[in-house]
There are 2 protein chains.
Amino acid sequence: MASDVTPPRLPRRGVTISDVARHAGVAPSTVSYALSGKRTVSEPVRRRIERTIEELGYRPHAGARALASRRSQILALMMPLRTGVYVPILMEFAAAIVTEARSHDHDVLLLTGESGSAGLQRVAAGAMADAVVLMDVEEDDTRVPTLRELGRPAVLLGLPDDRQGLVCCDLDWEAAGRLAVASLAELGHRRIGLIGQPTAVHERHTGFARRFTDGLHDEGARRGVHTAQRPGEATFGELRAALDALAAELDGLTALVVHNEAIVPLVLEELSSRGVEVPGQLSVVCVAPQTMAAASRLTGVSIPVEDIGRRAVQLVMQQLDAADVAPVTLLPPRLVDRGSTAPPGR
Amino acid sequence: MASDVTPPRLPRRGVTISDVARHAGVAPSTVSYALSGKRTVSEPVRRRIERTIEELGYRPHAGARALASRRSQILALMMPLRTGVYVPILMEFAAAIVTEARSHDHDVLLLTGESGSAGLQRVAAGAMADAVVLMDVEEDDTRVPTLRELGRPAVLLGLPDDRQGLVCCDLDWEAAGRLAVASLAELGHRRIGLIGQPTAVHERHTGFARRFTDGLHDEGARRGVHTAQRPGEATFGELRAALDALAAELDGLTALVVHNEAIVPLVLEELSSRGVEVPGQLSVVCVAPQTMAAASRLTGVSIPVEDIGRRAVQLVMQQLDAADVAPVTLLPPRLVDRGSTAPPGR
DNA sequence: CTGAAAGCGCTTACAG
DNA sequence: CTGAAAGCGCTTACAG
């Protein structure tokens, strides 16, 4: 154990704002104002302070700042890791949220696991976080009542049934479902199948899945188009069964909508191994993030993951700035044509 | 805009430790000691305090605590999102780290993006985090010098070339490579192909990929076994080319090692569509987390993601407790037989 | 076993 | 345009 890393490395007393003030020949308050810009500071003084900060390597103590200003500059991100969710999308959300938060001078605290309400309580009531963003919100989400009690600025990614007093942000999933069907219907398709989210996601009553299928079926009904759906599970066997079931239910299926990121590559492979030409024999529309490689060959309703994440942070920052905020922000879906749809019939 | 959510919701002056003290008829310090356990508090007093805390819904102010105690109870997790990394593993690490951190009464601050050294600086020098865990460490990682300067407790997941004074934790990737070859060699295989990490990962000089291949080839050489490798990219076309190239280079290939999580399902599908029986005609060993569904049909060298993540946090906590810590902790790989290997020859 | 007090390092009215 | 001072809400020696 002779080679062990000698540890403590005590938080060596850092440079404080008073040190900076002394070296620059000003009062600590002036340093503070120079840093925050909340009061005008004369050019020469400001320059002197900036130079001193640089020289001494001064960094404001986060805790002290939080205590005095009543702002931690921390945003809590609750990201439950539930079965059936497509993890890369979660990470893309997280990255967008971190990036946008940083641009508002905030850091992001990551809460995972099932701690739900307890985590919210600890982090918000203890003033560890100024605000919170909740991901993967269910229709009847247990975190909602807690969130309301806390009375902290928050944004939910998703729409719970009871959203009184809360701010929500999401893709307009119903419009996405409509768009998928409408784009195919206008090409002349009359029998459209959907491979959707895994059963686990539906059973959990995650709103987006239901809103998407509602939009899709409703638009189909409005246009006299036959639609049918099967859940998408992540094995070839189940995928094959689902495709066969759709073909059987919709005799003469000419178009397929895939709302399941994990399955897109499998669908492509399966169709090609069956010798089904896309779009010659079957039109395919997928619902996936713009960034997803496997989806790059398919016409799709793109999920603007980065936009949603950034917007969520903006909404939370506006609340911190005491601005009025719309209770529901739904981002419109966009259809990106990548050539995998065509009029039906060979 | 009449329906807008009325915002500010000012951080309504919370209950403080003095409030609790007054209501319980004790000094604030006694409340503090009752909470921290750093001093004995008589049973009746402790009970009174606990009841009062419950009644008033008291939560210590994180910033005040950090300022007074010089501990933020926050662990920073640097998770660069680089191309070629398998995102679900990152999330599994993150989840394990959050869970273990919570069990040590710490929360996790998430740093992504390329902020590298700047992020470290801000978070550690500003006392926002007590310690840091770095993921996806490269052999010549630019964050290493900064980390050393900061002198904060830290653990690197991975082994940089220069690790003087640093604490590292990882799977023993070289042993994993040896184990994969040894297990096949002992069955009698003499020509073993490897589908490895994507080119992007190798080019970045991420140490684990090189250590794995070094171990694999070296063990092969020691045993007089022919080995060859190709990078694994995420499309069927490239996978087919790689398999063909391996078969050509190792005429009479009887075993395949797959060290690429994203590709495991594709490999299985491709082999089955080629009519190759596993393990009858080809033995397959994959290197993947135990939790990965697609790998559940293959004999594998399992990556103990959760163990590594938890251990990393333990190592960082030991440093915070001023304990001596081994500079390098390598977790041994484990072979899990799931029946996809057999002696060669039909 | 418990209390009174100093101090952690900032921000922000209050003065000038 | 700038300074002196109070205060944010805790923890931890110092006393008893």
Side-chain angles (χ1 to χ4, degrees), chain A residues 10-50 52-53 56-74 105 122 124-128 130, chain B residues 10-50 52-53 56-74 105 122 124-128 130:
Chain A
L10 291 172
R12 41 164 187 210
R13 267 291 292 79
V15 180
T16 72
I17 200 171
S18 303
D19 298 330
V20 174
R22 192 165 347 99
H23 282 252
V26 296
S29 51
T30 303
V31 177
S32 176
Y33 286 119
L35 243 31
S36 69
K38 292 191 179 174
R39 187 160 96 172
T40 49
V41 174
S42 68
E43 257 319 284
V45 170
R46 141 163 291 131
R47 237 192 293 279
R48 199 138 37 91
I49 290 172
E50 276 164 3
T52 311
I53 287 175
L56 303 185
Y58 168 67
R59 300 267 169 179
H61 187 287
R65 182 172 263 185
L67 179 57
S69 69
R70 308 183 146 281
R71 284 291 176 82
S72 67
Q73 304 297 115
I74 287 181
D105 202 27
R122 181 167 43 78
M128 182 165 267
D130 294 330
Chain B
L10 290 172
R12 42 166 187 210
R13 266 294 290 82
V15 180
T16 73
I17 199 171
S18 302
D19 297 330
V20 174
R22 190 166 346 99
H23 283 253
V26 297
S29 51
T30 303
V31 177
S32 176
Y33 286 119
L35 243 31
S36 69
K38 291 191 180 175
R39 188 161 96 173
T40 49
V41 174
S42 69
E43 256 320 282
V45 169
R46 138 163 295 127
R47 238 194 293 279
R48 199 138 35 91
I49 289 173
E50 276 163 4
T52 312
I53 286 175
L56 303 185
Y58 168 67
R59 300 267 170 180
H61 187 287
R65 182 172 264 186
L67 180 58
S69 69
R70 310 183 145 280
R71 284 292 176 83
S72 66
Q73 304 297 118
I74 287 181
D105 202 27
R122 180 167 45 78
M128 182 165 265
D130 294 332

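Naming convention: chains lettered A, B, ... in sequence-line order (proteins, then strands); numbering from 1 in each chain.
In terms of phosphate contacts, Ser69(A) brings no side-chain nitrogen or oxygen within less than 4.0 Å of OP1 or OP2 of dC10(C). A sub-4.0 Å separation between OP1 or OP2 of dT11(C) and a side-chain N or O of Lys38(A) is absent.
Summarising the geometry, atom CD1 belonging to Ile17(A) is positioned 6.5 Å from atom CG belonging to Leu35(A); distances are rounded to the nearest 0.5 Å. The structure places CZ of Arg65(B) at 11.0 Å from CZ of Arg59(B), a figure rounded to the nearest 0.5 Å. The structure places CD of Glu50(B) at 6.0 Å from CZ of Arg46(B), a figure rounded to the nearest 0.5 Å. Note: Arg122(A) CZ to Asp105(B) CG = 8.0 Å, rounded to the nearest 0.5 Å.
Proximity note for Tyr33(A) (side chain, C-beta onward) versus dT12(D), dC10(C), dT12(C): the nearest is dT12(C). Ranking dT11(D), dT11(C), dC1(C) by closeness to the Ser42(B) side chain, first place goes to dC1(C). Between dC8(C), dG3(C), dG9(C), one nucleotide has an atom nearer to the side chain of Ala68(A) than all others, and that is dG9(C). In the set dG9(C), dT12(C), dT2(C), the nucleotide with an atom closest to the side chain of Ala64(A) is dG9(C). Taking the side chain of Thr16(B) as heavy atoms from C-beta on, and the options dT2(D), dT12(C), dC10(D), the nearest nucleotide is dC10(D).
For the pair Arg71(B) CZ and dT11(D) C1', the computed distance is 13 Å after rounding to whole Å. If you measure from atom CD of Gln73(A) to atom P of dG9(C), you get 19 Å, rounded to the nearest angstrom. The nearest whole Å value for the distance from the CZ atom in Arg65(B) to the C1' atom in dG7(C) is 17 Å. Across the protein-nucleic acid pair, Leu67(B) atom CG and dG7(D) atom P stand 17 Å apart, rounded to whole Å. Rounded to an integer number of Å, the gap from CZ of Arg46(A) to P of dT2(D) is 10 Å. Taking atom CG of Leu35(B) as the reference point, atom P of dG9(D) lies 16 Å away to the nearest angstrom. The NE2 atom of His61(B) sits 13 Å away from the P atom of dT11(C) (whole-angstrom rounding). Put simply, CZ on Arg22(A) is 13 Å from C1' on dG9(C), counting in whole angstrom units.
The 5' end of DNA chain C is approached more closely, in terms of each residue's nearest nucleotide, by Val45(B) than by the other of Val45(B) and Ser32(A). Place Gly63(B) and Ser36(B) on DNA chain D by their nearest nucleotides, and Gly63(B) ends up nearer the 5' end.
Counting atom types as modelled, Arg39(A) pairs a side-chain N or O with a base atom of dG3(D) as donor and acceptor under 3.5 Å. Counting distance only, with no hydrogens placed and no angle test, the side-chain atoms of Ser29(A) and the base atoms of dA5(D) include no donor-acceptor pair under 3.5 Å.
With Ser72(B) contributing its side chain and Ala66(B) its backbone, the two residues share no donor-acceptor pair below 3.5 Å.
For the residue pair Val41(B) and Val45(B), the shortest heavy atom distance occurs at CG1-CG1, 3.7 Å. Smallest separation of non-hydrogen atoms from Ala21(B) and Pro28(B): CB-N, 3.5 Å. The two residues Thr52(A) and Val20(A) make their nearest non-hydrogen contact at CG2-O, 3.7 Å.
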Nucleotide pairing, DNA chain C (Watson-Crick or G-U, distances under 3.5 Å), in dot-bracket with [ ] and |: |||.||||||||.|||
